[in-house]
Amino acid sequence: MQRTNEAIEKIKVKMLASQSRQKSDADPKRRNVEFQVGDHVFLRVSPMKGIKRFEKRGKLFPKFTGPFEILEKVGLVAYCLAFPPALLAFHDVFHVSMLWKYVLDPTHVLSYENLELQSDLSYEEQQVQILHRKDKVLQNKTIVSIKVLWRNNKVEKAT
């Protein structure tokens, strides 16, 4: 009987140590977010794989599009969004990790006509115009800098 109790205590100690380790390994940046029907959120989108801009990807691409209104909560962690007519071809239910809270501003109006999303919520960047070209001459080489305006961005966000 005493041996059994000692074995049970050892198992309890090991389980507590395991739980503690799992808790410390959990993502510290995880957000416990809940939205209400009628809230507005941004939707996370990603640029198309394989498309590079000056041999770089990811850093300068917009991460979110929106805002979209939440129509209903689906399950514990999914939400149904209200899309404009241009985006009605996409599935409208998304996990909470794909959404970011938006504080509604009545003066903030966005148009969705220019943003053409693929079925996997990615988009292709297209060059519209070269705004500026500059040659910097060093001792033994010349470095060319080009400022490019991209289709889905404003002039201020040209790279």
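Keep in mind the model is a prediction, meaning the values are calculated, not measured.
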Exercise: identify the closest heavy-atom pair between Pro67 and Phe42: N-CE2, 3.8 Å
Working for side-chain contact (heavy atoms from CB on, under 4.5 Å), residues Leu99 and Phe94: CA-CA 8 Å; Leu99 306 175; Phe94 295 93; 4.2 Å; yes
Sub-4.5 Å side-chain heavy-atom contact between Asp39 and Lys101: yes
Spacing of Ile143 atom CD1 and Lys136 atom NZ [to the nearest 0.5 Å]: 6.5 Å
Close side-chain approach of Thr142 and Leu138, heavy atoms under 4.5 Å: no
N/O donor to acceptor pairs below 3.5 angstrom from side-chain atoms of residues 68-92, sequence neighbours left out:
residue, atom, partner, partner atom, Å
Tyr79, OH, Phe35, N, 3.0

Worked verdict on Lys134 versus Val144 for side-chain contact (heavy atoms from CB on, under 4.5 Å): CA-CA 6 Å; Lys134 179 180 171 184; Val144 179; over 6 Å; no
